[in-house]
Amino acid sequence: MKAPPRPAIVLAVLALGIGGYALFGAKAEPDRWLGYVEGEPLMIAAPVPGTLATRPVSRGQAVLPGAPLFTLDPQTADADSAQLAAQVAAAKAQAADLLQGRNRAPEQAAAQAALAAARAQAVRAGADFERIAALAGKGFASRTQLDAARAARDSASAAVQQAQAVVASGALSAGRPEQQVAAQASVGAAEAALRAQKRRREEIAPVAPAKGVVEQTFYDPGEWVPANQPVLSVLPDDQRKLRFFVPQDRVAGLKVGAAVRFGCDGCGAGERTAKISYISPRAEFTPPVIYSERARAKLVFMVEATLPPAQSLPLGLPVAVVPE
């Protein structure tokens, strides 16, 4: 978010001279273009609403990259993080269970024991049937006893086949391939949600993005902050620039990237340099903030030039710019 122009410099430009040149009621020297120092502060906000818990910085305070700026109440965010972490653990456990299936040692051992018992029962049932069949052939066993022995033999044989099938299926996963894919997808979704929540947790406690100064604060600790509402603004040292106005007959000689020299009251001896970063494509009449008798009816073009980070000049400071 860009800061609006600072009309406070109107009186300063009207009443003051820049670098020894009177700007009101006197004729400025040729090729000396008037302007002021401008900046583009960064509006620091959180994407969620909450109570402002801490704000360790104040207006005008210098900050370094990574310095804490403010923190919203983290209780809700921490609870959400814990809930999502539990969901990740549950999804991973479910996926592991589907992949492991019945190939777990205790279940496999039980299946093998059941198969052994079924085989033993089949051997016994087969022997009983042979004995009853021999007795029936001699007339010592009834038809009913023979049929019962035959049924017991067949049943024991079927039990062996069933136990063999259980053992064979034990090496396979308990879940179908589609279930396994769905389980892995659930793990991925839960992990993505946890990453997003961790990022939101960081966003409610932002840090300074660059070296600069806290230009303005908008909320105090204890106040409720709506979502996406700036809590403070930071002006990075590398976001200060000159904004000046060039007559229409001279703007064609300027190029983006070209250097300009400028002077200002209180800047010390000599002139400083800046690099042109923007030339407006539209002409305008000299704005009131740069009003002078000599330029009041002239068309001008707004030009901006970036300042080196070391030149931390105050915003709104009037300057006089000349081309290199």
Side-chain angles (χ1 to χ4, degrees), residues 1-43 210-213 215 233-324:
M1 184 180 296
K2 296 184 178 179
R6 293 166 173 77
I9 67 171
V10 176
L11 296 180
V13 176
L14 288 174
L16 298 178
I18 302 177
Y21 298 93
L23 303 181
F24 181 80
K27 186 178 293 185
E29 288 197 352
D31 297 333
R32 185 167 289 267
W33 307 316
L34 307 181
Y36 53 91
V37 178
E38 182 59 284
E40 295 186 0
L42 304 177
M43 300 298 175
K211 183 176 182 294
V213 63
E215 185 188 42
S233 61
V234 174
L235 177 62
D237 289 348
D238 59 358
Q239 293 298 313
R240 298 173 189 263
K241 59 188 177 182
L242 301 182
R243 178 173 291 171
F244 55 97
F245 299 85
V246 179
Q248 59 179 336
D249 57 345
R250 297 304 309 275
V251 72
L254 299 180
K255 302 294 182 184
V256 173
V260 294
R261 293 177 289 116
F262 70 95
C264 57
D265 288 339
C267 291
E271 292 180 316
R272 304 187 180 200
T273 60
K275 183 178 293 185
I276 295 176
S277 58
Y278 173 75
I279 300 174
S280 174
R282 292 178 178 272
E284 58 184 291
F285 285 104
T286 305
V289 294
I290 309 296
Y291 180 85
S292 70
E293 289 292 338
R294 180 171 180 263
R296 69 181 185 275
K298 284 190 174 181
L299 287 175
V300 294
F301 287 81
M302 185 186 73
V303 179
E304 293 180 347
T306 56
L307 290 170
Q311 298 190 27
S312 297
L313 300 176
L315 302 188
L317 179 68
V319 297
V321 181
V322 295
E324 282 281 11

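The first residue of the sequence shown is numbered 1, and numbering continues consecutively from there.
- Of all heavy-atom pairs between Ala274 and Ala305, the closest is CB-CB, 3.8 Å.
- Between Tyr36 and Phe245, the two ring planes are tilted [angle within 30° to 60°].
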Evaluation steps, side-chain contact (heavy atoms from CB on, under 4.5 Å), between Leu242 and Val37: CA-CA 5 Å; Leu242 301 182; Val37 178; 4.0 Å; yes
Listed pairs under 3.5 Å, donor-acceptor, residues 277-285 side chains, sequence neighbours left out:
unit_1	atom_1	unit_2	atom_2	d
Ser277	OG	Glu304	O	3.4
Ser280	OG	Arg282	N	3.2
Ser280	OG	Arg282	O	3.2

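- Sorted by first then second residue, the salt bridge (charged side-chain N to carboxylate O under 4.0 Å, His left out) pairs that include residues 305-315, not counting sequence neighbours, number zero.
- Glu40 and Leu235 make their closest contact through N-CD1, 3.7 Å (heavy atoms, listed as atom of the first residue, atom of the second, distance).
- Evaluation of the salt bridge (charged side-chain N to carboxylate O under 4.0 Å, His left out) test over residues 312-321, restricted to residues two or more places apart or in two chains, returns none.
- In this structure, the side chains of Phe262 and Leu307 come closer than 4.5 Å at one or more pairs of heavy atoms.
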Check the pair Leu313 / Arg272 against side-chain contact (heavy atoms from CB on, under 4.5 Å), numbers first and verdict last. CA-CA 11 Å; Leu313 300 176; Arg272 304 187 180 200; 3.5 Å; yes
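- Residues Val260 and Val322 form no side-chain contact, since every pair of their non-hydrogen atoms from C-beta on lies 4.5 Å or further apart.
- Between Gln239 and Pro41, every side-chain heavy-atom pair lies at or beyond the 4.5 Å cut-off.
- Across every non-hydrogen atom of Arg261 and Thr273, the tightest pair is CG-CG2, 4.1 Å.
- The shortest distance between side-chain heavy atoms of Glu215 and Leu315 falls below 4.5 Å.
- For the pair Lys255/Ile276, no side-chain contact is recorded, criterion being any heavy-atom separation below 4.5 Å from C-beta on.
- Scanning for side chain to side chain contact (heavy atoms under 4.5 Å, CB included) contacts around Pro308 gives Gln311, with sequence neighbours left out.
- Listed by chain and residue number, Asp237, Asp238 satisfy the side chain to side chain contact (heavy atoms under 4.5 Å, CB included) test with Pro309 (two or more places apart in sequence, or in another chain).
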